[in-house]
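Quick note: residue numbers are just sequence positions, from 1. Indexing begins at 1, ligand by ligand and atom by atom, following the structure's order.
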Amino acid sequence: MHSTTLFGLAASIAGTQALYQGFNYGATQSDGSTAMTYDDYQSRFSKAQNLPGTSGFTSARLYTMIQSGTTDTPSSAFQAAIDTQTSLLLGIWCSAGQEVVTNELNAFKSAIEQYGEDFTSLIAGISVGSEDLYRVSPTGIENDSGYGSTPNELVSYIKQTRQAIEGTALSSTTIGHVDTWTAFQNGSNAAVIEAIDWLGMDTYPYFQTTVENSIENANQTFWDAYDITAQSGNGKPIWITETGWPVSGKTSGQAVASTENAEIYWQEIACALLGNYNTWWYTLEDSIPTTPNPSFGIIGSDLDSEPLYDLKCKKQPPKPSAGPKRPHAPYTGGAANGTLPHGTASATGGVTHSATGSSIASETGASATGGIWAGSGSGSESGSGAASSSSGAAAPAATGAAARVESAVCAGILAIVGLVAAL
Ligand SMILES: *[C@@H]1O[C@H](CO)[C@@H](O)[C@H](O)[C@H]1NC(C)=O
Ligand SMILES: *[C@@H]1O[C@H](CO)[C@@H](O)[C@H](O)[C@H]1NC(C)=O
Ligand SMILES: *[C@@H]1O[C@H](CO)[C@@H](O)[C@H](O)[C@H]1NC(C)=O
Ligand SMILES: *[C@@H]1O[C@H](CO)[C@@H](O)[C@H](O)[C@H]1NC(C)=O
């Protein structure tokens with residue numbers, strides 16, 4: 001579907017015309033330790049393309065280019081993407097320091113060399129980092145024990161990535177950064193926004209316990225986050241890199257995890273996004289071999305099963321206007337504490353979302369106290385990331401690899417610091 005010409009065109013206009021729809025794929029299975037293999041990727045990419053009720057999900061967002069368990073071997077997702085003609089939003093894991101970033105770029109260069117145009121023609125864009133700024137925010141630090149990236153580090157990694165694609169077939173590929181909308185809202189991170197071509201937004205109303213976050217308000221909460229991100233982005237395109245509603249798991253504030261609510265969120269949000277925005281949904285599958293709490297997978301623990309709910313869009317929801325696609329919400333900024341009546345002012349101190357695999361599974365339910373909106377912790381991701389940063393030493397391969405594992409669940413954490421409602 002993405003011919004080289006189309007790709008070149010798409011790249012030059014920063015994704016405003018080639019609209020991607022896909023899912024997020026971790027480097028490990030949901031236990032946070034079993035590496036995803038070629039077969040695992042291939043079967044999931046094929047499943048995504050043939051989901052009943054949909055036009056097919058033909059794109060994959062990866063958190064890392066490195067095959068789990070190796071130092072800098074290219075991900076086996078690449079061959080699977082080539083074989084299934086799945087486009088790729090590539091990711092460079094940036095929360096574990098320079099050495100891992102260097103390994104990422106080495107894996108990237110190897111892949112370009114090894115696969116050539118078969119690979120380069122599939123690239124939708126490159127995300128330098130994933131929620132690294134969230135992790136250095138106060139709540140992120142508290143929850144994830146001191147790894148992540150500062151804005152300056154990210155700007156450096158972005159430069160390195162631009163240098164890495166210079167003179168290659170990917171020289172006009174757009175580069176973005178994925179983070180929580182609250183990270184984009186934080187003015188201290190402006191240098192990152194300046195350095196990128198598009199903003200990848202992760203947003204989970206389910207985790208936003210500092211606002212009235214029942215499913216009834218989820219649509220509004222999502223678009224509020226979008227507006228704030230768009231406002232922070234100075235006209236740069238917004239790509240929806242993660243969102244979703246859990247099919248099972250603990251209640252988060254007023255948000256009840258259920259297939260019924262996941263279906264409502266799909267109808268309201270996915271059906272409004274798909275075909276209108278570049279979207280990588282969270283997620284196709286997060287329950288093999290273990291089901292995390294909460295679980296966001298559209299497919300349960302059997303890849304051959306039907307989706308857990310009907311994915312056919314029932315009605316064409318009104319299209320948000322062109323973009324940044326909606327008029328920005330009036331933003332009053334500032335911080336009020338506690339839950340706000342939706343649509344008026346601002347709340348402070350929340351944190352959402354979390355990330356990955358094993359810890360999500362074992363995670364005991366983050367408390368939402370005092371405006372802290374703690375999602376689940378990230379298993380392999382935070383574990384090893386913390387390990388590598390606290391050891392301070394050059395991360396050995398095992399640690400490095402684990403650090404980038406952001407496995408199944410990047411049901412990100414959002415730090416809501418100054419949520420505004422205002423529509
Ligand atoms: C804002 O961003 C800076 C730089 O990333 C970070 O140090 C700070 O903790 C963030 N503030 C909040 C409230 O998240
Ligand atoms: C995140 O930090 C908050 C605030 O200290 C805490 O209440 C919550 O339990 C932490 N969540 C995790 C998953 O560690
Ligand atoms: C969701 O919110 C958007 C923006 O406010 C609005 O245009 C749309 O109609 C809403 N959709 C539903 C299903 O309420
Ligand atoms: C929010 O609560 C904190 C801690 O209690 C306080 O310092 C701050 O002033 C409060 N902010 C607002 C806007 O009330």
Legend entry - Validation row, ring centre Y63 to ring centre Y25 under 6.0 Å: no
Legend entry - D31 and T290: side chain donor to acceptor below 3.5 Å: no
Inset, instruction - Using a strict 4.0 Å cut-off to heavy atoms of P151, name the atoms of ligand 1 that fall inside it. - result: 4 (C), 5 (O)
Inset, instruction - With heavy atoms under 4.0 Å as the rule, classify the contact between A183 and ligand 1 as side chain, backbone, both or neither. - result: neither
Inset, instruction - Mind checking whether V136 contacts ligand 1 via backbone (N, CA, C, O), side chain (CB onward), both or neither, at a 4.0 Å heavy-atom cut-off? - result: both
Inset, instruction - Check whether the ring centres of W223 and Y226 lie less than 6.0 Å apart, and answer yes or no. - result: yes
Inset, instruction - Mark up the atoms of ligand 3 that fall under 4.0 Å of a heavy atom belonging to E268, in ascending order. - result: 13 (C)
Inset, instruction - Name the option, out of T221, I269, N219, I264, that contains the heavy atom nearest to atom 10 (C) of ligand 3. - result: N219
Legend entry - Side chain, backbone, both or neither: the part of T150 lying under 4.0 Å from ligand 1 by heavy atom: neither
Inset, instruction - Compute whether any side-chain donor of one residue and acceptor of the other, for R44 and T283, lie under 3.5 angstrom apart. - result: no
Inset, instruction - Answer yes or no: is there an ion pair linking D179 with R135, defined by an N-O contact shorter than 4.0 Å? - result: no
Legend entry - Aromatic ring proximity W281/Y265, centre distance under 6.0 Å: yes
Legend entry - Those atoms of ligand 1 less than 4.0 Å from some heavy atom in S188: 1 (C), 2 (O), 3 (C), 4 (C)
Inset, instruction - Give yes or no for whether the N/O distance cutoff of 3.5 Å, strictly under, is met between N189 and ligand 1. - result: yes
